[in-house]
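Letters A, B, ... are given to chains in the order of the sequence lines, protein chains preceding strands, and every chain is numbered from 1.
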Amino acid sequence: MLKCSAFSSNKTYMLKCYTFSSNKTYNVRFFTTFAAPATFPDSDFSDDTQDLVIHDKDLLRKSRRDSGTGLHVLDLIHRGSLEPDRSLYNTLFKKCTLLKKLDEARIVHAHINASLFMDDLVMQNTILNTYCKCGSLDDAHNLFEEMPVKDMVTWTALITGYSQNDQPLNALVLFPQMLRLELKPNQFTLSSVLKASGTGISDKYGRQVHAFCFKYGYVWNVYVGSSLLDMYARFGRMDDAWLVFDKLESKNEVSWNALIAGHARKGEGEHALKMFSGMLRQGFEPTHFTYSSVFTALASMGSLEQGKWVHAHVIKSGGKLIAYVGNTLLDMYAKSGSIDDARKVFNRLERRDVVSWNSMITGYAQHGHGKEAVRWFAEMLRIRIVPNEITFLCVLTACSHAGLLDEGQKCFELMKKYSIEPQEAHYVTMVDLLGRAGRLDQAMKFIIKLPVEPTAAVWGALLGACRIHKNMDLGTYAAERIFEFDPHDSGPHVLLANMYASAGRLCDAAKVRKMMKESGLKKEPACSWVETKNAIHMFVANDDAHPQREEIRKVWDEIYGKIKEIGYIPDSSHVLFYADQQEREAKLQLHSEKLALAYALMTTPPGFTIWIKKNIRVCGDCHSAFKFASKVVVREIIVRDTNRYHHFRDGFCSCGDYW
DNA sequence: TTAGGGTTAG
């Protein structure tokens, strides 16, 4: 709050300002284009005041430094010292928007309501927009309802407000209402409506808006086009996104970023990286948005070398590691297996937020360092970083994978202290934690006591644990509960059949297989990928299509012989559909990850770390074989399955056989 | 006066 007095000469005003907050008095020379005010007393000036010089164009900058909104100007207006004009109010609203000062915006609004601008449509639109930018859609909506006259900008401002404040449905409801009034949307309206259309489960609405973009002639506009391709990309329709991108009349960083982000979200790292190179070739400067999407893409590829190359770009660009880029960068290093580099990035971050901590905890957990993950969680709490629901999920998963039963239970209890309501994923992980640790009865009691109806995923976690600990009765019960949700889900059928097979109950396993056959259920085909010499090779079990199949099998046969010599015993319970023991053992050696390993050994130099990715959980027999293989071939083998990472080195796996 | 793109888990 400022108290001011002033005098003027030729549009230069000398203001005496006293701030109650800091108990300081300022002599302020205020150069302005405002009309000359009435006379001012100059007797208030004292000698012990500080001098500031402010030009009206500097008002925004100066008051930003003072962390105020410059509302003292309103006092001047109120005292008749200044005659308000549009640019003064606009400056104040800009300031409120910038600092998200809702209360101040309300004060300026009240002031305007008592001024000549009371019924000014443009001014009303500005106020409405300020409320939206300050996050108060209630204020914006109230004003919208009160406005006797509304134009296209009024509607667009409110639509944009809802779209930008996570209320897409409200935005989508307003759009047709606006059209019914025969107000013609422009590029601002359409890009906001498209942003709102990018949420939800279907692109049906977005496609309709696409038609409106054609109708009104904005489809090739870079703003509308970028929103349009982003909308398609969010629904995974990259072909449609590309069609829009290719036809844009001009492209900018945002169009490129939207496309890169689309590929990154789909886990199409290669495409995202190609786009990044293309963007550089065409002379576009990558932004924070670009880098965070590219690192997300690289994280999904686990491609450390390419990750380092892009990291070098960021360093060359000289930018600071802001939260988004820094967090995705450290996640990339963690997911690429280099937890040390991830920690270095973490240490260099300008600001470490809950996402930075979660990423480190997950990094440790996924690479088998459960205790380290728990230690980081404790440190995070010690320095009073407030955990979120993802933090707890990360820590619970870490505990579950590392067999840290007590720590996991304590972590679950701690959620109450932070007022975080457990979600389905937390319950699933708790059942997993108890079940893997062999506490199947406790897991069952936990499910019974759940405050919500247990889901198929909860029963699935119990079934998985029953398979590990060979508890047929409880496993069968869990499987039956899952079938009640979805009798056509092949996953639990396979798990159940595996469970019977590994317990030697081949007749029961055969019954499940028969049931699957009769219902037309097919097991999801297991695939493994291996990256060599900048190309990605995919393998499926019993792969007969690969041009080098003979050589691949020869290499694996050689390894198979060697690992058997040092203790590998094939576990044929992981083969479902063959009754003959010899045939089962033969099929076991043709699992996709084994073929991928053989191919990687053929095509990479000695000592080179081998990276394999798998679309489902790594098979138990392959896990055992890889441990022995890592010793025989003297290589580090990293397998990333849907659950976690396995670092096989010198006969051991980082997961400690607990996955 | 109104517009578009980015992070952690499962």
Please state whether the rings of [X] and [Y] are parallel, tilted or perpendicular, taking 30° and 60° as the class boundaries.
X: A:F245; Y: A:W242; result: perpendicular
X: A:H271; Y: A:H263; result: parallel
X: A:Y291; Y: A:F295; result: parallel

Check every strand shown and say whether [X] touches a base, only sugar-phosphate, or nothing at a heavy-atom separation below 4.0 Å.
X: A:T290; answer: nothing
X: A:I322; answer: base
X: A:N90; answer: sugar-phosphate
X: A:A425; answer: nothing

Residues touching DNA chain B, which here means a heavy atom under 4.0 Å, drawn from residues 334-344 of chain A: A:K335
Would you please confirm or rule out a distance under 4.0 Å between OP1 or OP2 of B:dT7 and any side-chain N or O of A:R265?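 Result: no.
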A:E413: which residues meet the side-chain hydrogen bond (donor to acceptor under 3.5 Å, both in side chains) condition with it, sequence neighbours left out? A:K416
For the base of B:dG6, is there a side-chain donor-acceptor partner from A:S293 under 3.5 Å away?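 Counting by modelled atom types and ignoring angles, no donor-acceptor contact under 3.5 Å is found here.
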Going by the rule side-chain contact (heavy atoms from CB on, under 4.5 Å), which residues pair with A:R343 if we only count those two or more places apart in sequence or in a different chain? A:D340, A:N347, A:M360, A:Y364, A:W376
